[in-house]
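For ligands, and for the atoms within them, numbers begin at 1 and follow the listed sequence. Fair warning: this is a prediction, and the values are worked out from it, not measured in the lab. Along the sequence shown, the residues carry numbers beginning at 1.
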Amino acid sequence: MTAHTRGDYLQSLYSLGGQAAIVTGGTGVLGRSMATALAMAGARVAVLGRRSAVAAEVAAEIQAQGGEALAVTGNVLDRDSLLAARERVMAEWGAVHVLVNAAGGNAAAATVGETADLFTMSASAFKEVVELNLTGTLLASLVFGEAIIESGGGSIVNVSSMSASRALTRVAGYGAAKAAVESLTRSLAVELGQRHGDSIRVNAIAPGFFVGEQNRSLLLEPDGTPTKRGLAIIEHTPAGRFGAPDDLAGALVWLCGPSARFVSGVVIAIDGGFSAFSGI
Ligand SMILES: NC(=O)c1ccc[n+]([C@@H]2O[C@H](COP(=O)([O-])OP(=O)(O)OC[C@H]3O[C@@H](n4cnc5c(N)ncnc54)[C@H](OP(=O)(O)O)[C@@H]3O)[C@@H](O)[C@H]2O)c1
């Protein structure tokens, strides 16, 4: 271990100073919070989404807090658009070290109605959700992973969900997609590790239940009180509440920074104890 004073040892473990990061879905509820956390830990952060105006708003918010940020328009299902985004970030900062794949989520059409006949489930909506979460994570990892290697190494963090490991009712497509994201996380960790050693690491976080744009109506009534499903979730979350986006910050900064230098291929649940609880 190199010599450190007490203060700068902690700083050396968790600082993202000098790193350039890109957060896909940085325009969303969790992506926005994760982009801000990376910036507050010292990284320069590119906020990527299809909605340019929202990406610009998030970048401006980060800058207003003293961080360095860039808004980048991009679609994770369109390789050319990701290549253009990569070019933009490389032109601006000359490097990419961190990729957070936060673009994703469920689609209303892929949520099976509470009393619906399961045999009428839409296969095309199912496919769409798998495409966004799985292929979107893959394409961004290929495009930005290559830049990470060219930049001397770094870290990719994917976003899974509680639905990956145990069945959540009504969201079979989303569960299948996130289970595949966890599998892809392990495959990329192994394949990239074998080729590039410890210079690139790939991990995932699995958030519990947070109120986002796409799941709001499943979790909350229009008056803001929890739905029946929302209440069941809170009852099965030992912490007794939904997550707050900032709850993801610590684990994310840890995974992206030097203190996680020997951590690759894992999925970290950030769920207030949901996945540990049997329900009894
Ligand atoms: N909220 C939760 O409880 C929860 C729990 C576990 C996991 N997650 C996961 O966490 C991630 C973020 O979720 P969230 O709750 O923050 O959802 P959100 O608020 O809906 O944000 C998702 C973001 O993804 C972006 N996006 C969608 N399609 C895209 C595409 N083709 N290309 C680029 N960006 C695209 C959207 O931005 P644009 O419209 O600007 O493109 C949107 O801002 C998702 O992967 C979700 O599955 C959420």
Side-chain angles (χ1 to χ4, degrees), residues 22-37 46-59 71-82 84-85 99-108 110-111 128-141 143-144 157-166 168 171 173-182 184-185 204-220 226-227 229-230 233-234 236-237 241-249 251-252 267-272 274-275:
I22 179 143
V23 180
T24 73
T27 49
V29 173
L30 300 187
R32 172 188 294 242
S33 177
M34 289 193 278
T36 306
V47 177
L48 183 142
R50 293 163 305 174
R51 292 170 298 165
S52 324
V54 183
E57 184 190 301
V58 175
V72 184
T73 309
N75 182 341
V76 294
L77 296 177
D78 175 352
R79 198 171 192 150
D80 286 342
S81 113
L82 291 174
L99 165 67
V100 179
N101 281 309
N106 193 25
T111 303
E128 200 181 297
V129 171
V130 172
E131 186 75 359
L132 171 59
N133 290 277
L134 179 59
T135 311
T137 296
L138 174 70
L139 286 180
S141 299
V143 168
F144 292 104
V157 177
N158 296 329
V159 182
S160 181
S161 144
M162 292 297 106
S163 63
S165 44
R166 287 192 298 169
L168 299 185
V171 293
Y174 183 62
K178 291 301 194 184
V181 166
E182 291 196 1
L184 178 68
T185 300
I205 55 170
F209 296 84
F210 295 66
V211 181
E213 281 160 28
Q214 18 83 32
N215 63 0
R216 181 173 300 271
S217 62
L218 274 177
L219 302 182
L220 295 178
T227 58
R229 186 180 178 91
I233 287 166
I234 292 172
H236 286 79
T237 302
R241 61 171 175 87
F242 293 129
D246 198 40
D247 292 335
L248 304 177
L252 178 73
V267 181
I268 307 286
I270 307 169
D271 64 352
F274 180 90
S275 53

Legend entry - Proximal ligand 1 atoms for Asn215, defined as those under 4.0 Å from one of its heavy atoms: 1 (N), 2 (C), 3 (O)
Inset, instruction - Run the numbers for me: atoms of ligand 1, each under 4.0 Å from some heavy atom of Gly49, listed by number. - result: 40 (O), 41 (O)
Legend entry - Heavy-atom nearest option to atom 34 (N) of ligand 1, drawn from Ala103, Ser81, Ala85, Pro207: Ala103
Inset, instruction - Within a distance under 4.0 Å of any heavy atom of Ala102, pick out the atoms of ligand 1 and give their elements. - result: 11 (C), 12 (C), 44 (C), 45 (O)
Legend entry - With Arg51 via salt bridge (charged side-chain N to carboxylate O under 4.0 Å, His left out) - residues at least two apart: Glu213
Inset, instruction - Heavy-atom contacts with Phe209 under 4.0 Å: which atoms of ligand 1 show up? List them by number with element. - result: 3 (O)
Legend entry - Nearest option to atom 22 (C) of ligand 1, as decided by whichever heavy atom of Gly105, Gly104, Gly31 sits closest: Gly104
Legend entry - Proximal candidate to atom 5 (C) of ligand 1 [heavy atom criterion; set Ser161, Ala55, Gly26, Gly208]: Gly208
Legend entry - Ionic contact status for Asp78 with Arg50, cut-off 4.0 Å: no
Inset, instruction - Would you mind running through ligand 1 and noting each atom that sits below 4.0 Å from a heavy atom of Gly74? - result: 32 (N), 33 (C)
Legend entry - Region of Asn106 that comes within reach of ligand 1 [heavy atoms, distance under 4.0 Å]: neither
Legend entry - Residue selection (non-hydrogen contact nearest atom 28 (N) of ligand 1) among Glu213, Glu131, Arg32, Arg50: Arg50
Inset, instruction - Give the numbers and elements of all ligand 1 atoms closer than 4.0 Å to a heavy atom of Ser160. - result: 6 (C), 7 (C)
Inset, instruction - For Glu131, check salt bridge (charged side-chain N to carboxylate O under 4.0 Å, His left out) against everything at least two apart and list the hits. - result: none
Legend entry - Contact partition for Asn101 relative to ligand 1, non-hydrogen atoms under 4.0 Å: neither
Inset, instruction - Look only at interatomic distance and state if Val159 has a nitrogen or oxygen under 3.5 Å from any nitrogen or oxygen of ligand 1. - result: no
Legend entry - Contact atoms of ligand 1, heavy-atom distance to Val29 under 4.0 Å: 16 (O), 19 (O)
Legend entry - Leu48 side, atom CG; Leu99 side, atom CG - distance, nearest 0.5 Å: 9.5 Å
Legend entry - Inter-residue atom distance His236.NE2 - Phe209.CZ, 0.5 Å rounding: 10.0 Å
Inset, instruction - Answer with yes or no whether Phe242 contacts ligand 1, where contact means a heavy atom under 4.0 Å from a ligand atom. - result: no
Legend entry - Separation of Phe144 CZ from Asn101 CG (nearest 0.5 Å): 9.0 Å
Inset, instruction - Could you give me the CA-CA distance, side-chain angles and deciding distance for Ile233 and Phe242, then say whether side-chain contact (heavy atoms from CB on, under 4.5 Å) is met? - result: CA-CA 8 Å; Ile233 287 166; Phe242 293 129; 4.0 Å; yes
Inset, instruction - Decide whether the shortest distance between a heavy atom of Leu132 and an atom of ligand 1 is less than 4.0 Å. - result: yes
Inset, instruction - May I ask you to check if ligand 1 and Gly25 share an N or O to N or O distance below 3.5 Å? - result: no
Legend entry - Side-chain heavy atoms of Ile205 within contact of Ser160, under 4.5 Å: no
Inset, instruction - Check each heavy atom of Lys178 against ligand 1 and say whether those closer than 4.0 Å belong to the side chain, the backbone, both or neither. - result: side chain
Legend entry - Reported OG-to-CZ distance for the pair Ser217 and Arg229, which is rounded to 0.5 angstrom: 10.5 Å
